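Note that the structure is predicted; figures quoted are calculated from it, not measured.
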Amino acid sequence: MSGKPVRTQVEGADGVSEDENSAVGEQPGQRRRNAAKRPSGASPGKGAAPAAQAAGAAASSRSASPRAAGAGKGTAKPESRLAMVRRARRINRELADVYPYAHPELDFRNPFELLVATVLSAQTTDLRVNQTTPALFARYPTPEDMAAAVPEELEAIIRPTGFFRAKARSLMGLSASLRDNFGGEVPGRLKDLVTLPGVGRKTANVVLGNAFGVPGITVDTHFGRLVRRWKWTEQEDPEKVEADIAAIFPKSEWTMLSHRVVFHGRRICHARKPACGACPIAPLCPAYGEGETDPEKAKKLLKYEMGGYPGQRLSPPPDYPGRPAPPLGAG
């Protein structure tokens, strides 16, 4: 990523040309200034109550608007493709202001650790993976070590993540492939990563985006749920969802967009009971009202740093405004 990026122009819904590499309708400098003005949370160790309060206040003041409340449903003119793209990019801009610290929520120190952690994260929480991997990587720090593991010993370590026998087979298989086919190094190309046992496009995009800086869209359950809720796509198949979202945003936004959407899904826009009344993007959401709209009740639904609770990482980034997660067995 050297030199100045080439910027293309895209015509907005109002016919105004806009910079595709910035949020629609806002220049990058303005975006940074706006982000600096928005409270991003409390200082480390104190959760993020101010951020939650700010989000709740913003949602409360906006929720009376006809668009947020869904007034006129059934009579409203269908949203055009161009209007949807503008709304989607504005949501991304708002989420960038709310979660300037968005990051992958798996602890890792190198591409191999991220690859292993992502495989382990299937059907469990990132928190449980992060509580399990310190002992795992202490015992098997390299692909060569993990490929030579005694299956029962590896299974015992990763048992807390669930489906430990299948995951152990995948970890030993991908480690053997890295040893035999890639010189013990994790490859930096999608077509190579998906040849590894237990590695699909989602896992490959996580590794590429966060270990190699290669843009990718990670379609997990949170991401798919929210982009359908926001009417960015109607697709259910992850690859089709990925293609639809890739057509809306410039490639430079793909990795961070994935983090922001997942952060929002885990903290505010929950599957069963979204905290609509504490949501900073309520006026932009076609699904507003599916969850709790009362601001005070909605604030009680906020999770992780937004609710003043520990996050999922034992070793979060320095700019994370919440508390680290406790180690396994620490309560």
Side-chain angles (χ1 to χ4, degrees), residues 41 47-49 51-60 62-64 67-71 73 87-88 91-92 94-95 98-99 102 104-106 120-131 160-163 202 206 217-238 240-242 244-245 257-313 322-323 325:
Q53 291 168 0
S60 178
R62 296 170 181 172
S63 62
R67 182 173 185 180
K73 283 186 177 179
R87 179 172 58 82
I91 287 175
N92 182 43
E94 293 286 333
L95 294 181
V98 175
Y99 307 110
E105 293 191 271
L106 290 168
L120 289 176
S121 69
Q123 303 298 314
T124 191
T125 64
D126 287 356
L127 170 60
R128 184 50 56 95
V129 174
N130 292 335
Q131 292 174 325
T161 68
F163 302 95
K202 184 191 85 169
V206 170
I217 295 172
T218 303
V219 183
D220 69 356
T221 55
H222 298 286
F223 189 94
R225 170 168 52 81
L226 266 63
V227 297
R228 283 187 291 272
R229 199 172 258 176
W230 294 336
K231 307 299 183 186
W232 295 0
T233 183
E234 295 181 353
Q235 300 294 338
E236 296 283 344
D237 178 79
K240 293 180 179 178
V241 171
E242 181 184 339
D244 278 359
I245 306 309
L257 171 72
S258 299
H259 291 323
R260 293 165 192 150
V261 173
V262 171
F263 257 58
H264 195 64
R266 287 174 171 171
R267 287 150 178 79
I268 296 178
C269 195
H270 313 306
R272 295 182 181 175
K273 197 169 186 180
C276 295
C279 181
I281 61 167
L284 301 170
C285 181
Y288 177 83
E290 288 185 7
E292 179 58 65
T293 57
D294 180 85
E296 291 305 314
K297 292 180 180 178
K299 280 166 58 176
K300 296 178 181 178
L301 300 174
L302 301 179
K303 295 182 179 180
Y304 301 111
E305 78 285 349
M306 296 299 285
Y309 306 112
Q312 298 202 80
R313 293 188 67 166
R323 290 178 285 159

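- The two residues Ala282 and Tyr288 come nearest to each other via the heavy atoms CB-CD1, 3.6 Å.
- Atoms CD and CD, on Gln131 and Gln312 in that order, are 9.5 Å from each other to the nearest 0.5 Å.
- Cys276 and Gly291 make their closest contact through SG-N, 3.4 Å (heavy atoms, listed as atom of the first residue, atom of the second, distance).
- With rounding to the nearest 0.5 Å, the separation of CG in Leu226 from NE2 in His270 is 10.5 Å.
- In this structure, Arg260 contributes its side chain and Val98 its backbone to no donor-acceptor pair below 3.5 Å.
- The nearest pair of heavy atoms linking Arg225 to Ala271 is NH1-N, 3.4 Å.
- For the pair Glu305 and Gly322, the tightest heavy-atom approach, listed with the atom from each and the gap, is CB-CA, 3.8 Å.
- When each of Asn130, Val129, Asp220, Thr161 is checked for a side chain to side chain contact (heavy atoms under 4.5 Å, CB included) with Ser121, only Val129 meets the rule.
- Side chain of His264 to main chain of Ile281: no donor-acceptor pair is present (N/O by atom type, distance under 3.5 Å, no hydrogens or angles).
- Within a 6.0 Å sphere centred on CZ of Arg128, other residues, nucleotides and ligands contribute 12 heavy atoms or fewer.
- Side-chain atoms of Ile217 and Phe223, non-hydrogen and from C-beta on, do get closer than 4.5 Å to each other.
- Side chain of Arg267 to main chain of Gly307: no donor-acceptor pair is present (N/O by atom type, distance under 3.5 Å, no hydrogens or angles).
- In plain terms, the two heavy atoms of Ala278 and Leu302 that are nearest each other are CB-CD2, 4.0 Å.
- Formation of a donor-acceptor pair under 3.5 Å by the Arg87 side chain with backbone atoms of Trp230 is found in this model.
- Counting heavy atoms from C-beta outward, Pro238 and Lys202 have side chains that stay 4.5 Å or more apart.
- Side-chain contact between Leu127 and Pro310 is absent, with no heavy atoms from C-beta onward closer than 4.5 Å.
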>> I'd like to know whether Glu105 forms a side-chain contact (heavy atoms from CB on, under 4.5 Å) with Phe263, so could you lay out the CA-CA distance, the side-chain angles of the two residues, the decisive distance to 0.1 Å, and finally the verdict.
In response: CA-CA 9 Å; Glu105 293 191 271; Phe263 257 58; 3.5 Å; yes
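- The two residues Leu284 and Pro286 come nearest to each other via the heavy atoms O-CD, 3.5 Å.
- Under the 4.5 Å side-chain criterion, counting only non-hydrogen atoms from C-beta, Ile245 is in contact with Leu257.
- Residues Glu292 and Lys300 are not in side-chain contact: their nearest non-hydrogen atoms beyond the backbone lie 4.5 Å or more apart.
- When only modelled atom types and interatomic distance are considered, Tyr99 and His259 share no side-chain donor-acceptor pair under 3.5 Å.
- Of the possible donor and acceptor atoms, none in the side chain of Arg228 sits under 3.5 Å from a partner among the backbone N and O of Val241.
- Here Arg313 contributes atom CZ and Tyr304 contributes atom OH; the two are 13.5 Å apart, rounded to the nearest 0.5 Å.
- Of the possible polar contacts, one joining the Ser258 side chain to the Thr218 backbone as a donor-acceptor pair under 3.5 Å is found.
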